[in-house]
Number of protein chains: 2
Amino acid sequence: MPPAARPARVDAVRNRASLLAAAEAEFAERGIDASVADIAHRAGVAKGTVFRHFATKDDLVAAVAGDRLARLVAVARRLSESPDSGVALREFLSAAAEILQQQGLAFLRAASECNPVVAEIRDQLLASAGVLVDRARRDGIVRADVTGADVLLLTCATVHTVAAMSDPTPDLWRRYLAIVIDGLRPEGASPLPGPAPERL
Amino acid sequence: MPPAARPARVDAVRNRASLLAAAEAEFAERGIDASVADIAHRAGVAKGTVFRHFATKDDLVAAVAGDRLARLVAVARRLSESPDSGVALREFLSAAAEILQQQGLAFLRAASECNPVVAEIRDQLLASAGVLVDRARRDGIVRADVTGADVLLLTCATVHTVAAMSDPTPDLWRRYLAIVIDGLRPEGASPLPGPAPERL
DNA sequence: TAGCAAGTTGACCGCCCGGTCATGTTCGAC
DNA sequence: GTCGAACATGACCGGGCGGTCAACTTGCTA
């Protein structure tokens, strides 16, 4: 084991937290193109301080994305204990939409593409979503030919597209998530073309 | 009337066409962040030539987007004559997905935001989609609470999200468009929350 | 074929980006 | 209170961007 590194200074801890909060807000507002300088300014520190805590901008993106994904995995695991598999799936998709709000798939892809830690959390999310979908499918609540990756992608799609509108209505994603969920019901469903994706 | 401006030179016409084709391809591959220099190189001309034909990069984006939207409006008008309103709507959404392939809503928004010509074509598209949806609704093929803007947004959502994946499967959007279309059917649909959007 | 407007070129500009680093500052152990 | 390591700072760098322009080339007209 390493020789017990000295604990971080309190100001450093505080600045790191400010940076993460500022980055989360800035990425939500401007997407992955938000500049490091703007994030630093919002956090009330100089630009150099950002790179003391996160070696590259990608590392900062990964920290924010990993945090969000981990929160969502926790929700999925809790819901997989729920007795009603249909309600559990619907609640999971609402939670996914809210937690991934605005960041969109492109953000998460950029984060996980070259960062094994985020990629690992993403795979856990994929597995957790799969559990929820499988359970709902066994109970005859969703059609037989959809997977966890399918519902996650569709949820990302609704959230991101609403966020990309000229003046986004805050809750419009609920409308489209409802249509998507209705599209998952088994009665009268036409068979889906092509295979489901294996990754996001 | 203006005094009959001299017709454009043949090389200028050729270069303009090359530029539009190169821009369309480059925007499809790299999104709206494709650089003017890359577009010029792909078209086989120097960067300055781009700005002779299109005063700003935004004008070039508007030209490409306007062309795509106009093509889609033509498809919608043709399909509104079709006898089967359900087939017409499905074909329209497939055409929309194919024509808007990859560009996504953000591209079209950037194009129409400050360009009245593109905004006008976008409004025509919205109206044409409304006609198709209204007809299908009257025939009891789609649920009562969706609009033309709804189905256009959902189509943009599927196409764009598939394009944003790590390694996009070319036809995966068909899978998700099928789920969305199944979500539009009236039988057993749960009422949609919130009002439909009026613009894109 | 002569001449010129129209078209083309590529070096150049200012700007902003992610990232670096010498210098100055502050926390905390003793 | 002293002192050193950790930390913060902001000027600075190289690079790529959209956009400009004086000099050059070319297609068209007369």
Side-chain angles (χ1 to χ4, degrees), chain A residues 2-27 29-65 106-107 109-111 113-115, chain B residues 2-24 26-27 29-65 106-107 110-111 113-115:
Chain A
R6 173 182 302 195
R9 276 164 43 170
V10 292
D11 56 342
V13 172
R14 177 167 30 86
N15 281 342
R16 186 175 229 275
S18 301
L19 276 172
L20 280 173
E24 189 161 335
E26 207 71 25
F27 285 141
E29 285 176 15
R30 303 201 197 282
I32 201 165
D33 288 333
S35 80
V36 173
D38 285 349
I39 291 170
H41 181 256
R42 187 168 190 145
V45 301
K47 199 172 58 164
T49 304
V50 179
F51 292 101
R52 163 161 292 270
H53 291 275
F54 306 94
T56 66
K57 182 184 176 179
D58 278 350
D59 287 348
L60 178 55
V61 169
V64 172
F107 182 84
R109 170 164 69 106
E113 207 150 58
C114 284
N115 186 304
Chain B
R6 174 182 303 197
R9 274 163 46 168
V10 291
D11 57 341
V13 172
R14 176 167 29 87
N15 281 341
R16 186 173 225 275
S18 301
L19 276 172
L20 279 173
E24 189 161 334
E26 208 71 24
F27 286 141
E29 285 175 15
R30 304 203 196 281
I32 200 163
D33 287 333
S35 79
V36 172
D38 285 349
I39 291 171
H41 181 256
R42 186 168 192 145
V45 301
K47 199 172 58 163
T49 303
V50 179
F51 293 100
R52 162 158 291 267
H53 290 277
F54 306 94
T56 67
K57 182 183 177 181
D58 278 350
D59 287 349
L60 178 54
V61 169
V64 172
F107 182 84
E113 207 150 58
C114 283
N115 186 305

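All chains are named by letter (A, B, ...) in the order of the sequence lines, taking the proteins before the strands, and each is independently numbered beginning at 1.
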Do A:D33 and B:D33 have side-chain heavy atoms sitting under 4.5 Å apart? yes
Regarding B:A34, tell me which of base, sugar-phosphate or nothing describes its non-hydrogen contacts under 4.0 Å with the strands shown. sugar-phosphate
What is the distance from CZ of B:F54 to C1' of C:dT8, rounded to the nearest Å? 15 Å
Steps toward side-chain contact (heavy atoms from CB on, under 4.5 Å) verdict (A:L20, A:F54): CA-CA 10 Å; A:L20 280 173; A:F54 306 94; 3.8 Å; yes
In whole angstroms, the gap separating C1' of D:dA5 from CZ of A:R52 amounts to 10 Å
Short side-chain N/O contact to D:dG10 OP1/OP2 from A:K47, under 4.0 Å: no
What does B:S35 touch in the nucleic acid at a heavy-atom separation under 4.0 angstrom: a base, only the sugar-phosphate, or nothing? sugar-phosphate
B:I32 backbone acceptor or donor facing B:K57 side chain under 3.5 Å: yes
To the nearest Å, give me how far apart CZ (A:R9) and P (D:dT9) are. 11 Å
Nucleotide of C:dT8, D:dC7, C:dG19 approaching A:T56 most closely (side-chain heavy atoms): C:dG19
Whole angstrom is fine here: how far is it from CG in B:D58 over to C1' in D:dC17? 14 Å
Which nucleotide in the set D:dC7, D:dT20, C:dC17 lies at the smallest distance from any side-chain heavy atom of B:F51? D:dT20
Given that A:A12 and B:G48 both sit by DNA chain D, which one's nearest nucleotide is further toward the 5' end? A:A12
Between CG of B:D11 and P of D:dC24 the distance, given in whole Å, is 20 Å
Name the closest nucleotide to the A:K57 side chain, picking from D:dG27, C:dG19, D:dC7. C:dG19
Heavy-atom side-chain proximity of A:D58 to A:N115 below 4.5 angstrom: no
Which listed nucleotide (C:dG19, C:dG7, D:dC7) is nearest to the side chain of A:A8? D:dC7
Of the options C:dC27, D:dC28, C:dG10, whose atoms approach the side-chain atoms of B:V10 most closely? D:dC28
Expressed in angstrom and rounded to an integer, what is the separation of A:I32 atom CD1 from C:dC17 atom C1'? 14 Å
Residue-phosphate contact under 4.0 Å: A:N15 side-chain N/O, D:dC7 OP1/OP2: no
Passes side-chain contact (heavy atoms from CB on, under 4.5 Å), B:R52 versus B:N15? Steps please. CA-CA 11 Å; B:R52 162 158 291 267; B:N15 281 341; over 6 Å; no
Would you say a side-chain N or O of B:H53 is under 4.0 Å from OP1 or OP2 of C:dG7? no
Give the rounded distance in Å between these two atoms: CG of A:D38 and P of C:dC16. 11 Å
Nearest-angstrom distance from the residue atom CZ of A:R16 to C1' of C:dC27: 18 Å
